[in-house]
Amino acid sequence: MDVNSDTIVAPATSVGSGALTIIRISGDKAFEILSNYFRPVKQKSFDIAFVKSQTIKFGEWRSDGELIDEVLVSFFKAPKSYTGENVAEISCHASPYIVNKILDCCIQAGARIAEPGEFTFRAYKNGKMDLGQAEAVADLIASESKAAHDVAISQLKGHFSMELEDMRSKLIEFTGLLELELDFAEEDVEFAERKRFFELIDSIKTRLQSLINSYSLGNVIKNGVPVAILGAPNAGKSTLLNALLGEERAIVSHIAGTTRDVIEDVIVIDGIKFRFIDTAGLRNTSDEIEEIGIKKALEKASKARLIIYLFDVNNFSEIEQSEIISKINDAAPDATLIQVANKIDECKNLSEKDSKYIYISAKEKIGLEELKKVLISEIITNKITENQIIVTNARHVEALKKTLQAIQDAEVGLKSGLSGDLVAIDLRQALYYMGSITGQVAADDILGYIFANFCIGK
Ligand code: GDP
């Protein structure tokens, strides 16, 4: 995608559902294109050049004299717009005919259909937001739970960018000082105090590590927590799933394998999305642990972050169970296993409860709140604080890991007495990776720092 002088247009809302659609047009010619078709009502003469920014006008959209729709147009003049260009948002009725007609008109007059993400790309290119924020826009749009929404908003507001910027500016300052030493190599001076450097490195390493660590939570917040329910036939897996989903979506029967439901089942607890993986398998006889060994079940387990191992408290063998559990642990060493004893409603002597189990009745909906609490506490070990920065993006975490590596290399270099200019190479690398998250250019910043802060008389 290249930012050029094209004026771009596209629907910003889904077409065909809902009452209204918003069509967004952005670029130098946005207003001019509009003026060919749009006339505000009760306004004899309308000169688009005099339209005020951040205003809305109600009027008619006409093509070759024919009234297409009554629309509202919001005007945003450059640079006070989302993309930083002239932008108009046309809200029209959501009929596919109307939407296509308006798009056609705009194209006739010189606009072209925007590529995916092109409005946000222009916003980034025009300095309205950094890359990380642009990515947060996509996350915000995709957010399905409160937690996903909250982290996207935080990133959009620039909290992550500010944290990076703070570390970057400190590193830039230090790198600048180290690079200066090169100019004075013969005089053997040290501009950059080494003790301060090690303190800085330590604090940056800690901050980077905590951002990297936050990704395991960020990833589940964004993509949901994959959960598998495993257990013997008739343990009550379908019943439990239905109880958790809060509705009898699948058919539960005494005959294992009569239930069919292929859609992915999702519940949201305390703002975190839990995705029950392969739930169709729950109703698939070939998935039964006893029948085919536990191959299929183990496959499912290996995809899960949490595994609910369900058994009938009135009908189980500890020995068999511990064998199965050790196999599950081997197949999914990183997953957390939650052992759940079901059918407590039929249990006569439940006086001695084993603390390693959670006791429920899926049918009678007993103990489900406790189970949900355990699910959430396995994921959120510490309460998420309001300003906590959580990395949710795989690209960002990769860049953070590379940054950390480069910082560690710089530290090793300095400790082993490497000259400042060589250490600066690693630091530049770190700055590059860090800057790749927000989309800045590191080398220019370093130069900028030197010239802005030092009068070296050269
Ligand atoms: P699955 O094969 O593991 O998916 O088991 P189902 O969910 O199909 O349940 C098998 C049978 O156990 C059904 O008749 C359910 O009604 C019954 N069942 C499931 N949970 C409970 C429970 O908590 N208490 C009792 N009494 N019966 C249950």
Side-chain angles (χ1 to χ4, degrees), residues 226-267 269 274-304 306-325 327-329 331-332 335-375:
V227 188
I229 305 181
L230 305 182
N234 285 323
K237 300 180 294 297
S238 299
T239 311
L240 172 61
L241 179 68
N242 289 334
L244 288 172
L245 292 171
E247 56 178 287
E248 294 281 317
R249 223 193 284 172
I251 310 152
V252 180
S253 136
H254 284 281
I255 311 150
T258 52
T259 42
R260 300 265 180 279
D261 193 358
V262 194
I263 54 166
E264 187 173 68
D265 294 307
V266 172
I267 57 171
I269 309 170
F274 292 83
R275 290 190 288 113
F276 290 91
I277 51 173
D278 269 358
T279 42
L282 283 185
R283 300 113 201 190
N284 180 348
T285 37
S286 68
D287 190 38
E288 305 300 9
I289 287 183
E290 287 171 354
E291 283 178 21
I292 53 151
I294 52 173
K295 188 167 167 284
K296 275 251 172 171
L298 294 183
E299 258 172 51
K300 190 197 278 192
S302 67
K303 290 188 257 166
L306 296 181
I307 297 167
I308 297 177
Y309 179 76
L310 193 69
F311 61 93
D312 183 342
V313 72
N314 309 297
N315 175 23
F316 79 106
S317 129
E318 287 231 22
I319 300 169
E320 244 175 58
Q321 189 149 317
S322 73
E323 270 173 29
I324 291 174
I325 281 169
K327 282 187 182 156
I328 293 175
N329 281 332
T336 304
L337 187 69
I338 303 165
Q339 297 187 54
V340 180
N342 191 26
K343 309 196 186 183
I344 56 165
D345 56 305
E346 280 185 343
C347 186
K348 304 275 176 302
N349 49 350
L350 197 63
S351 46
E352 280 177 36
K353 284 190 177 173
D354 190 329
S355 64
K356 70 173 184 263
Y357 303 139
I358 295 166
Y359 291 85
I360 66 161
S361 163
K363 194 171 161 191
E364 301 301 329
K365 299 191 169 55
I366 303 167
L368 298 185
E369 286 312 308
E370 163 75 8
L371 176 58
K372 285 184 189 174
K373 265 193 208 134
V374 171
L375 290 178

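Residue numbers count from 1 along this sequence. Counting starts at 1 for both ligands and their atoms, in listed order.
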Query raised in the report: Looking at Glu370 and Lys373, does any basic side-chain N land under 4.0 Å from a carboxylate oxygen?
Result: no
Would you call the rings of Phe311 and Tyr357 parallel, tilted or perpendicular, where under 30° means parallel and over 60° means perpendicular? perpendicular
Note: heavy atom closest to atom 4 (O) of ligand 1, options Gly231, Ala362, Ser238, Gly236, belongs to Ser238
- [ ] Check if Ala235 has a non-hydrogen atom at a distance under 4.0 Å from any atom of ligand 1.
- [x] yes
The option among Val313, Ile229, Asn234 carrying the non-hydrogen atom nearest to atom 2 (O) of ligand 1 is Asn234
Which atom pairs, one a donor and one an acceptor, fall under 3.5 Å between side chains of residues 335-342 and the rest of the protein, sequence neighbours left out?
| unit_1 | atom_1 | unit_2 | atom_2 | d |
| --- | --- | --- | --- | --- |
| Asn342 | OD1 | Ala362 | N | 2.8 |
| Asn342 | ND2 | Ala235 | O | 2.8 |

Exercise. Decide side chain to side chain contact (heavy atoms under 4.5 Å, CB included) for Ile360 and Leu310; before the verdict, give the C-alpha distance in whole Å, the side-chain angles of both, and the deciding distance to 0.1 Å.
Key: CA-CA 10 Å; Ile360 66 161; Leu310 193 69; 4.1 Å; yes
Counting heavy atoms under 4.0 Å, the part of Glu346 that contacts ligand 1 is side chain
Short version for Asp345: what comes under 4.0 Å of ligand 1, heavy atoms counted, is side chain
Sequence neighbours excluded, the answer for side chain to side chain contact (heavy atoms under 4.5 Å, CB included) partners of Ser322 is none
Report yes if some heavy atom in the side chain of Leu375 is under 4.5 Å from a heavy atom in the side chain of Ile308; otherwise report no. yes
For Ser361, the ligand 1 atoms with a heavy-atom partner under 4.0 Å come out as 22 (C), 23 (O), 24 (N)
Candidates Glu364, Lys343, Lys237; heavy atom nearest atom 28 (C) of ligand 1 found on Lys343
Under 4.0 Å from one or more heavy atoms of Ala232, ligand 1 contributes atoms 3 (O)
**Prompt:** Leu240 versus Leu371: any side-chain heavy-atom pair under 4.5 Å?
**Reply:** yes
Under 4.0 Å between heavy atoms, the region of Pro233 that gets near ligand 1 turns out to be backbone
